[in-house]
Amino acid sequence: MRRALRQRAERRQLMTAEAGVLSELRRLRARLPQLTGALAASADGLVLAQDTAGAETESVAALTAAALGVAQRLTDVTGQGGFMELLVRGESGYVATYAAGSSAVLTLLAEPRINVGRLHLEARRSSTRIGELVDSALDRSESA
């Protein structure tokens, strides 16, 4: 019961960062026109903010959380340190996921013609900013 109450309080605090996170997603999409979608989610799959058309955001967030779990385990088992990013290339484009602080992830959908180096550069900057916003919101909830 206490755990459920704590999780609900954390989710409310995460949602307070929504406006800042959404603004960062929009700036990122403006810098990378080949992005077809951008989504920030908590590590457990809760959508924090999204700037995407047509994608099933809840499904993408849930799958991102599952992939994050596998990626974290893989980096741990292979001795590569903590999870930083995951890039999947499909026939029609890319799905890239980046750690965003201690409690969130940034997932991007991109056209196949995107410059992957630029994608990484811009996404790493945005994921750092999103992580700061989310972690700050969580810190405020713990101190309250």
Side-chain angles (χ1 to χ4, degrees), residues 3-4 6-78 80-144:
R3 183 178 180 205
R6 189 178 75 241
Q7 287 177 332
R8 270 189 246 149
E10 284 180 357
R11 285 190 171 142
R12 279 194 302 273
Q13 286 307 117
L14 288 172
M15 299 316 280
T16 64
E18 181 180 6
V21 172
L22 182 57
S23 177
E24 184 61 36
L25 295 179
R26 289 181 175 152
R27 286 192 300 268
L28 177 61
R29 288 201 61 191
R31 292 190 309 266
L32 291 171
Q34 297 84 16
L35 288 181
T36 58
L39 168 78
S42 65
D44 64 353
L46 173 71
V47 176
L48 302 175
Q50 57 93 18
D51 186 11
T52 174
E56 298 175 22
T57 55
E58 286 80 18
S59 295
V60 172
L63 288 168
T64 296
L68 176 63
V70 172
Q72 287 173 329
R73 181 77 176 122
L74 183 61
T75 58
D76 184 45
V77 167
T78 59
Q80 303 303 313
F83 170 79
M84 298 297 291
E85 56 198 46
L86 174 67
L87 180 68
V88 177
R89 181 177 173 214
E91 291 176 355
S92 300
Y94 293 90
V95 179
T97 299
Y98 301 85
S102 62
S103 303
V105 292
L106 169 65
T107 297
L108 304 174
L109 309 175
E111 297 174 354
R113 64 188 179 97
I114 196 164
N115 178 317
V116 175
R118 178 118 189 267
L119 170 69
H120 285 318
L121 177 72
E122 296 292 349
R124 289 171 185 156
R125 288 178 183 160
S126 288
S127 66
T128 297
R129 177 70 182 129
I130 290 167
E132 290 168 353
L133 290 166
V134 171
D135 289 346
S136 175
L138 288 173
D139 287 346
R140 283 192 305 272
S141 94
E142 289 175 4
S143 64

Closer than 3.5 angstrom, by distance alone: can the side chain of Arg29 be matched with the main-chain N or O of Asp51 as a donor-acceptor pair?
yes
Minimum heavy-atom distance [X]-[Y], with the two atoms named:
{"X": "Ser92", "Y": "Pro112", "result": "O-CD, 3.3 Å"}
{"X": "Leu32", "Y": "Arg118", "result": "CD2-CG, 3.5 Å"}
{"X": "Ala61", "Y": "Leu39", "result": "N-CD2, 3.8 Å"}
{"X": "Thr75", "Y": "Thr78", "result": "O-OG1, 3.4 Å"}

Taking side chain as C-beta onward, heavy atoms only, is [X] less than 4.5 Å from [Y]?
{"X": "Thr97", "Y": "Leu106", "answer": "no"}
{"X": "Phe83", "Y": "Leu68", "answer": "yes"}
{"X": "Leu109", "Y": "Leu35", "answer": "no"}
{"X": "Gln72", "Y": "Asp76", "answer": "no"}
{"X": "Leu28", "Y": "Leu108", "answer": "yes"}

Could you go through Leu48 and Glu18, starting from their C-alpha distance and side-chain angles, then the distance that decides it, and tell me whether this counts as side chain to side chain contact (heavy atoms under 4.5 Å, CB included)?
CA-CA 6 Å; Leu48 302 175; Glu18 181 180 6; 6.0 Å; no
Stepwise, does the side chain to side chain contact (heavy atoms under 4.5 Å, CB included) test hold for Val60 with Val95?
CA-CA 10 Å; Val60 172; Val95 179; over 6 Å; no
Flag for Thr128-Arg124: side-chain donor and acceptor within less than 3.5 Å:
no
How long is the straight-line distance from [atom2] of [Y] back to [atom1] of [X], given to the nearest 0.5 Å?
{"X": "Thr36", "Y": "Tyr94", "atom1": "OG1", "atom2": "OH", "answer": "13.0 Å"}
{"X": "Glu56", "Y": "Leu63", "atom1": "CD", "atom2": "CG", "answer": "9.5 Å"}
{"X": "Thr52", "Y": "Leu25", "atom1": "OG1", "atom2": "CG", "answer": "10.0 Å"}
{"X": "Ser103", "Y": "Ile130", "atom1": "OG", "atom2": "CD1", "answer": "13.5 Å"}

For Ser102, check side chain to side chain donor-acceptor pair (under 3.5 Å) against everything at least two apart and list the hits.
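So Ser102 forms a side chain to side chain donor-acceptor pair (under 3.5 Å) with Asp135.
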Which residue in the set Arg125, Met84, His120 passes side-chain contact (heavy atoms from CB on, under 4.5 Å) when paired with Tyr98?
His120
Can you sort out the partners of Arg31 under salt bridge (Lys or Arg N to Asp or Glu O under 4.0 Å), two or more places apart, ordered by chain and number?
Glu24, Glu122
